[in-house]
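Data block below; observations after.
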Protein chains: 2
Amino acid sequence: MTLATDDFFKALADPTRLRVLMLLAHEGELCVCELTHALAEIQPKISRHLGLLRTASLVLDRRQGQWIYYRLNPKLPAWMAQVLEQTAQANRKVEPFLTDLRKLRSMANRPDKACCA
Amino acid sequence: MTLATDDFFKALADPTRLRVLMLLAHEGELCVCELTHALAEIQPKISRHLGLLRTASLVLDRRQGQWIYYRLNPKLPAWMAQVLEQTAQANRKVEPFLTDLRKLRSMANRPDKACCA
DNA sequence: GCATTATATACGTTTTTTCGTATATATGGT
DNA sequence: ACCATATATACGAAAAAACGTATATAATGC
């Protein structure tokens with residue numbers, strides 16, 4: 001299923017979802033607890049927004065034991081992927097994205113990524 | 001005043017505003033009646049969304065007699081201008097943008113632009 | 001000054017979206 | 001089997017946004 005332009009920008013319109021997407025654009029793949037920690041939000045909220053992003057086909061998920069990892073959908077239209085990449089580049093040092101990344105990097109006991117392919 | 005990333009994507013999240021921005025990205029500058037005709041929406045609706053875009057500093061206006069012309073704000077951060085340009089390029093042949101442009105081009109009695117500078 | 005045209009804005013309503021809490025479900029460890 | 005941990009989802013409420021109609025305001029032409 002292809003992602004409509006309307007739905008793409010609607011997905012980006014929520015601050016929480018935008019922060020999630022910016023982190024995924026930087027880090028490639030993250031699990032729910034990492035995103036929850038980095039954004040300092042309650043877990044159901046992160047989960048719900050991830051659900052919306054998944055339903056909209058912006059992200060894909062992968063389960064590894066108890067952990068569920070999310071990444072940007074590699075099959076996004078090229079222009080959408082470019083919009084996300086440009087936004088991530090332009091906002092590297094802009095709040096709240098800067099703090100989100102910092103918090104992620106400083107998180108203790110991040111799930112091991114040994115088997116990430 | 002600088003446009004926050006959140007506000008930028010919130011502005012793009014509404015289908016009507018997105019169509020307006022796509023037309024402005026293509027045509028440079030358009031007046032309210034041209035946008036109203038191209039989108040086939042009631043005039044107060046177009047005016048209201050233009051008002052929101054102006055307040056958010058995405059567009060600037062210019063009065064010429066009774067007509068008020070709108071254009072993309074040339075002082076947008078470069079990455080935002082690029083996002084709009086890329087979106088417009090990628091969606092040239094996508095509905096409803098294609099029909100919007102067609103309707104604009106076929107509009108009779110468009111306000112003269114002889115004195116546009 | 002009045003009529004016409006162009007556009008902005010107020011108003012109350014409707015629609016859409018987001019939210020926190022509670023809880024359901026899945027997996028792993030003992 | 002039970003407990004702990006990770007995550008998804010239901011629920012009702014709250015918040016935010018969009019809407020159409022009516023009307024206000026501004027400019028132009030006669």
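The sequence lines fix the lettering, A, B, ..., with proteins before strands; numbering per chain opens at 1.
Between B:R110 and B:E34, the shortest heavy-atom distance links the atoms NE-OE2, 2.7 Å.
Atom CG of B:L21 and atom CZ of B:F97 lie 10.0 Å apart (nearest 0.5 Å).
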Each nucleotide of nucleotides 16-25 of chain D classed B (base within 4.0 Å of a protein heavy atom), S (only sugar-phosphate) or -, in 5' to 3' order, makes --SBBBB---

Please encode protein proximity along nucleotides 25-30 of chain C as a string of B, S and -, counting only heavy-atom distances under 4.0 Å. -SBS--

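Residue A:I68 contributes atom CD1, which lies 8 Å from atom C1' of D:dA8 at whole-angstrom precision. A:L12 places its CG atom 15 Å from the P atom of C:dT17, with the value rounded to the nearest Å. Put simply, CG on B:L53 is 12 Å from P on C:dA8, counting in whole angstrom units. Separating the OH atom of B:Y69 from the C1' atom of D:dA27 is a distance of 13 Å, rounded to the nearest angstrom. Rounded to an integer number of Å, the gap from B:D61 CG to C:dA6 P is 18 Å. For the pair B:E34 CD and C:dA6 P, the computed distance is 12 Å after rounding to whole Å.
When the side-chain contact (heavy atoms from CB on, under 4.5 Å) test is applied to A:Q89, the partners found at least two apart in sequence or on another chain are A:E85, A:R92. In this structure A:D14 satisfies the salt bridge (Lys or Arg N to Asp or Glu O under 4.0 Å) test with no other residue, sequence neighbours excluded. For A:T5, the side-chain hydrogen bond (donor to acceptor under 3.5 Å, both in side chains) criterion is met by B:N91, not counting sequence neighbours.
Linking Ile, Leu, Val, Met, Phe, Trp and Tyr residues whenever their side-chain heavy atoms come within less than 4.5 Å places B:L3 and B:V83 in a single cluster.
Put simply, A:Y70 has a side-chain N or O that comes within less than 4.0 Å of OP1 or OP2 on D:dA8.
For residues 5-27 of chain B, every residue pair satisfying the ring pair (Phe, Tyr, Trp, His ring centres under 6.0 Å) rule, not counting sequence neighbours, is listed here: B:F8-B:W79.
Salt-bridge check for A:R102 with A:E95: failed, with every basic side-chain N at 4.0 Å or more from each acidic carboxylate O.
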